[in-house]
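Please read the structure below before turning to the comments.
In what follows, every chain begins at residue 1, and chains take the letters A, B, ... in the order their sequences are listed.
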2 protein chains.
Amino acid sequence: MSEYPWIQELLQMGGKEEQFSEKQLKILEAAVEMFAEKGYAATSTSEIAKKAGVAEGTIFRHYKTKKDLLLAIVTPTLFKSVAPFLAKEFVREVFDNEYETYEQFLRAVLANRYAFVKKYLPAIRVLWQEVAFHSEIKQCLQGVFTEHVYPKFARIVRHFQEKGELAELPVDSVIRLTITSLAGFLAARFLLLLDHNWDDEAEMERTIRVLMNGLRR
Amino acid sequence: MSEYPWIQELLQMGGKEEQFSEKQLKILEAAVEMFAEKGYAATSTSEIAKKAGVAEGTIFRHYKTKKDLLLAIVTPTLFKSVAPFLAKEFVREVFDNEYETYEQFLRAVLANRYAFVKKYLPAIRVLWQEVAFHSEIKQCLQGVFTEHVYPKFARIVRHFQEKGELAELPVDSVIRLTITSLAGFLAARFLLLLDHNWDDEAEMERTIRVLMNGLRR
DNA sequence: ACTTTTTGTGAGTGATTACTCACTATTTTG
DNA sequence: CAAAATAGTGAGTAATCACTCACAAAAAGT
């Protein structure tokens, strides 16, 4: 019933070890589920309170506005979405030892983000849906991407181009094609989810193979 | 100011030649713009009326409920989204003469859908955003896909596999990889729109080349 | 010209909205 | 243990919501 270990994990940002009361976690849990299902604007605070088994006033004790509640959910989700690129050792891992090829690197990233999406799917749904309507979220996402993800990604691509594994396409194009391929797989698997019989392992393998065949020189 | 020729075009479904009054078109125009910008649930009928320069009652004279107004916009958009696959001559065009290779076929489809998205972007945004929350829309989309798009697409893929152009991957995987590649391009171009300097022609060319390199036997 | 039908209006409706506040229950602290 | 701080409550509030309806203007039909 009350499965807020994963919510607690999601909200634990970096070094901070905030303490959440029982009721507060219930509120967050209810909010994530309802936002994911009906959307932020179509979900009322009274509904959230009822589902969380809490008085409506309790919500506003912890979050000044309804939007604050949304941001409390979305902001940590956003950062964990690009988490691998935020790690300091990340670039070193790629160059030094772990991954000798872009293909190995891709495989690791995809497996990692696959597990991430699987774990935090409801929160990711909320982020994905609401980023279109709230400029604060969009700006935050763009900021994190251009500041942390893009430069590291670009360096990695250039490295494997110089090594001769990747074709001499524009770096931006390689990044775009890589991200849309991986994101396309994850979206098909977790958002559309049309498939009954879908072999995850095999489909991931095919996705990477087709992409690599395309990008190889 | 009043640019409802494209709205009128969008709503003209197949053979029907419905007549829209001036005010009705103003309502539809205002609704599309506001739904795309703020989302359906966050847009009030009074706002739409004000923007359309119309009394609020006029909206409900034409559309029984707010949701009816949404569906009046979204349903035609949905059908036009998969329009090429609905055409009767479509499969014949591919087999008989026009396209000798899967690559040519891809190029034609991408160019066609690129123009479509560019023209009807606001309506597509609305469809894309609200399909997640309204089961009627989702079911309609799934129905059209499995009934019209999928079988024709599968036949085309099989044809070019037998011809030896495409690798012997599972047909479903080829379709998925094709759609996510093309949709990924369009999403990057029109939804994320991160482009400062983005050469559409070249990027389309790269997208198709990388995909074809991946799918070729 | 007269009747009928369609289109447009805007004040009014009850329900619901996000949010407040005076108050109680619980926990923390000196 | 007493005091102070924190967490939780639920009735209450003004604003806004989608929608109605009695009526007026315009268009169409005869």
In whole angstroms, the gap separating P of C:dT7 from CZ of B:Phe20 amounts to 12 Å
Can I get a per-line list of side-chain donor-acceptor pairs under 3.5 Å for residues 66-75 of chain B, giving both atom names and the distance, sequence neighbours left out?
{"residue": "B:Lys66", "atom": "NZ", "partner": "B:Tyr40", "partner atom": "O", "Å": "3.1"}
{"residue": "B:Lys66", "atom": "NZ", "partner": "B:Thr43", "partner atom": "O", "Å": "2.8"}
{"residue": "B:Lys67", "atom": "NZ", "partner": "B:His134", "partner atom": "ND1", "Å": "3.2"}
{"residue": "B:Lys67", "atom": "NZ", "partner": "B:Glu136", "partner atom": "OE2", "Å": "3.2"}
{"residue": "B:Thr75", "atom": "OG1", "partner": "B:Leu71", "partner atom": "O", "Å": "2.8"}

A:Asp200 meets the salt bridge (Lys or Arg N to Asp or Glu O under 4.0 Å) criterion, sequence neighbours left out, with A:Arg189
In B/S/- notation (B base, S sugar-phosphate only, - none; protein heavy atoms under 4.0 Å), nucleotides 14-21 of chain C written 5' to 3' is ---SBBB-
Nt span of DNA chain D in reach of chain A heavy atoms at under 4.0 Å, 5' end first, is D:dA7 to D:dG10
With sequence neighbours left out, the residues meeting salt bridge (Lys or Arg N to Asp or Glu O under 4.0 Å) with B:Glu9 are B:Lys119
Across all chains, not counting sequence neighbours, the salt bridge (Lys or Arg N to Asp or Glu O under 4.0 Å) partners of A:Glu93 are none
Below 4.0 angstrom from OP1 or OP2 of C:dT6, is there any side-chain N or O of B:Ser21? no
Note: contacts of residues 131-139 of chain B with DNA chain C (heavy atom, under 4.0 Å) are none
Once you measure the plane-to-plane angle for B:Tyr120 and B:Trp6, does it fall in the parallel (<30°), tilted (30-60°) or perpendicular (>60°) bin? tilted
In short, side-chain hydrogen bond (donor to acceptor under 3.5 Å, both in side chains) pairs touching residues 143-154 of chain B with sequence neighbours left out are B:Tyr150-B:Asp172
Quiz prompt | Phosphate OP1/OP2 of C:dG8 contacted by B:His62 side-chain N/O (<4.0 Å) | solution = yes
Hits for salt bridge (Lys or Arg N to Asp or Glu O under 4.0 Å) against A:Glu47, two or more places apart or cross-chain, chain-then-number order -> A:Lys38
For A:Ser181, the side-chain hydrogen bond (donor to acceptor under 3.5 Å, both in side chains) test, sequence neighbours excluded, returns none
Applying side-chain hydrogen bond (donor to acceptor under 3.5 Å, both in side chains) to B:Thr77 and not counting sequence neighbours gives none
Residues at least two apart in sequence or cross-chain that pass side-chain hydrogen bond (donor to acceptor under 3.5 Å, both in side chains) with B:Arg113, listed by chain then number, are none
